[in-house]
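The next block holds one structure in the form of structure tokens; read it before the comments.
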Protein chains: 2
Amino acid sequence: MPTVSSEELAAAAGVNSAKLRKDFSYLGSYGTRGVGYDVEYLVYQISRELGLTQDWPVVIVGIGNLGAALANYGGFASRGFRVAALIDADPAMAGKPVAGIPVQHTDELESIIRDNGVSIGVIATPAGAAQQVCDRLVAAGVTSILNFAPTVLSVPDGVDVRKVDLSIELQILAFHEQRKAGEEATAGAAAVQAAAREETSTDQGPDGDVPAVMPA
Amino acid sequence: MPTVSSEELAAAAGVNSAKLRKDFSYLGSYGTRGVGYDVEYLVYQISRELGLTQDWPVVIVGIGNLGAALANYGGFASRGFRVAALIDADPAMAGKPVAGIPVQHTDELESIIRDNGVSIGVIATPAGAAQQVCDRLVAAGVTSILNFAPTVLSVPDGVDVRKVDLSIELQILAFHEQRKAGEEATAGAAAVQAAAREETSTDQGPDGDVPAVMPA
DNA sequence: ATGCCTTTGTGAACGCGTGCACAAAGATTG
DNA sequence: CAATCTTTGTGCACGCGTTCACAAAGGCAT
């Protein structure tokens, strides 16, 4: 039986082994003292807890470059996601296959959601259409939305929204890049990013982790 | 002179006003007691600290759906980024304009980087080509890389890499979705995501923030 | 079977970040 | 110019998460 110790795992991940053990303990997944964790069992437990063993039907709305890129993205299937439908407002797109899936018109949105029991929707439309699409998704029963459009969506309670801003990551890189260059005047620089984050977005979305460097 | 108090700002952002003031204090940007912060000055200071006032030339390598989507993305210009060049390995793409910028062949990579003083590169190639492109970018002088390819890149010290995995955000939504549904057996669920994070990626990339719920 | 060795699971201490609360500072009004 | 009022900047305390350290547990060799 192949096993791993918390020590090995921690070293590989660059974290503290005690924390890792404590985290695992919340799972209820018990390791064996003197031996370690059964790899297969551990992988299964974590996968299940994360929802990777379930099948999540997903719709993508807005089949432009980004929507097409998402439809073609290989990582989805392996993580338990299944693209149930591609939806676009352009009638000319209807029926055209993208990533092997025929695009359907926005008119079908509600019925697609209901027929497939979709609870997760991806919005890759232009900013102008995003809120409207969002409202329709929610009304049809979607309770989780991944938003790529550069708009903050408002949704009723009980609906989760995560906003992906492709430029935020670039901004974080630029921030570091700037600090590499100018070590002189940039003395009391850092903790700003936290403040900036507070200013721009109202909560939803991924927090780019810039290490909170405390200036001298 | 238009001003804001830390109290107003904090309320709008949903955070504590004291923390906000403390964060601002690290900037050295002083507010005026009894009045608040000069909005214009504050915006400028934060922008400058974040590198938004600088002009960052960026190259995008791999002009498939994703690369094209990035090239068309409006958010870049407003954040100080300028797409200096689009690069693709397919000779058939060469010269074809995407988002108004002609695609150039991979052969030109090194000279483009050098001529434009590019220090930030975006990789939107298939996984197989990513490491090779990365190596060439680094060799040509790029010191920050935004990686959309589903591979972990290895780079020498001094080079920053951020990996964007489009399915991670979906996974976080699915995680919450699962918890919404099954409140029964999912008693001692939560802190797993931290552990999972430790397992999968070795540091680089955005940490999707799932609130660390402690089980009873 | 007994003792030793390895590794888990966790109680307790430490450290850091957040939030409270107040003194200092400046603006404003009479 | 003095008194008052508002808001900043920050010392201090609290709380939470991380880390340390060790006892309990199980495997394995003799």
Side-chain angles (χ1 to χ4, degrees), chain A residues 1-43 45-46 49 187-199 203 207-216, chain B residues 1-43 45-46 49 187-199 203 207-216:
Chain A
M1 182 179 84
T3 58
V4 262
S5 69
S6 61
E7 203 63 57
E8 294 173 288
L9 235 39
V15 296
N16 184 284
S17 67
K19 176 167 164 33
L20 204 147
R21 284 200 296 280
K22 195 164 274 184
D23 284 353
F24 282 177
S25 76
Y26 292 125
L27 253 175
S29 98
Y30 296 130
T32 313
R33 296 173 189 232
V35 178
Y37 298 88
D38 174 21
V39 172
E40 197 181 344
Y41 180 70
L42 188 63
V43 166
Q45 282 298 332
I46 293 178
E49 201 63 54
V192 195
Q193 50 86 18
R197 211 153 53 192
E198 286 151 12
E199 283 233 289
D203 169 50
D207 292 352
D209 64 312
V210 178
V213 185
M214 276 293 178
Chain B
M1 181 179 84
T3 59
V4 263
S5 69
S6 62
E7 203 62 56
E8 294 174 287
L9 235 39
V15 296
N16 184 283
S17 66
K19 176 166 165 30
L20 204 147
R21 285 199 297 279
K22 199 165 274 184
D23 284 352
F24 282 178
S25 76
Y26 291 125
L27 254 175
S29 97
Y30 296 129
T32 313
R33 297 173 189 229
V35 178
Y37 297 89
D38 174 22
V39 172
E40 197 181 346
Y41 180 69
L42 189 62
V43 166
Q45 282 298 331
I46 293 178
E49 200 64 53
V192 194
Q193 49 86 19
R197 211 152 55 193
E198 286 151 11
E199 284 232 289
D203 167 51
D207 292 353
D209 63 312
V210 178
V213 184
M214 274 293 178

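Computed from a prediction, not measured in an experiment: that's the story for all the values here. Proteins get letters first, then strands, A, B, ... in listed order; numbering begins at 1 in each. These numbers come from the heavy atoms of this one structure, side chains and all, not from hydrogens, waters or symmetry mates.
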Please state how far atom CG in A:Asp23 lies from atom C1' in D:dT19, giving the value in whole angstrom units. 13 Å
Between C:dG9 atom P and A:Tyr30 atom OH, what is the distance in whole Å? 8 Å
Which distance, rounded to the nearest 0.5 Å, do you find between the CD of A:Glu40 and the CG of A:Leu42? 11.0 Å
Would you tabulate the side-chain donor-acceptor contacts of residues 31-39 of chain A under 3.5 Å, counting partners in other chains and residues two or more places apart, or write 'none'?
none

Taking NZ from A:Lys19 and P from C:dG15, how many angstroms apart are they, rounded to a whole number? 19 Å
Distance in angstrom units between B:Tyr26 OH and D:dT8 C1', rounded: 15 Å
If I take atom NZ from residue A:Lys19 and atom CZ from residue A:Phe24, how far apart are they, to the nearest 0.5 angstrom? 10.5 Å
Can you tell me how far the NZ atom of A:Lys22 sits from the CG atom of A:Leu27, to the nearest 0.5 Å? 15.0 Å
Nucleotide pairing, DNA chain D (Watson-Crick or G-U, distances under 3.5 Å), in dot-bracket with [ ] and |: ||||||||||||||||||||||||||||||
Between B:Phe24 (CZ) and C:dT18 (C1'), how many Å, whole number? 16 Å
Residues which pass side-chain hydrogen bond (donor to acceptor under 3.5 Å, both in side chains) with A:Tyr41, listed by chain and number, not counting sequence neighbours: A:Gln45
Report each atom pair, protein N/O against N/O of nucleotides 11-15 of chain D, whose distance is under 3.5 angstrom.
| from | atom 1 | to | atom 2 | distance (Å) |
| --- | --- | --- | --- | --- |
| D:dG11 | O6 | B:Lys22 | NZ | 3.3 |

Measure the distance from CE on B:Met1 to C1' on C:dA27 and round it to the nearest whole Å. 11 Å
Taking atom P of C:dC16 as reference, at what distance in whole Å does atom CG of A:Asn16 sit? 15 Å
How many angstroms lie between OG in B:Ser6 and CG in B:Asp23, if you round to the nearest 0.5 Å? 11.5 Å
For B:Glu8, check side-chain hydrogen bond (donor to acceptor under 3.5 Å, both in side chains) against everything at least two apart and list the hits. B:Ser5
Pull out every protein N or O sitting under 3.5 Å from an N or O of nucleotides 4-7 of chain C, one pair per line with the distance.
| from | atom 1 | to | atom 2 | distance (Å) |
| --- | --- | --- | --- | --- |
| C:dT7 | O4' | A:Gly34 | N | 3.0 |
| C:dT7 | O2 | A:Gly34 | N | 3.4 |

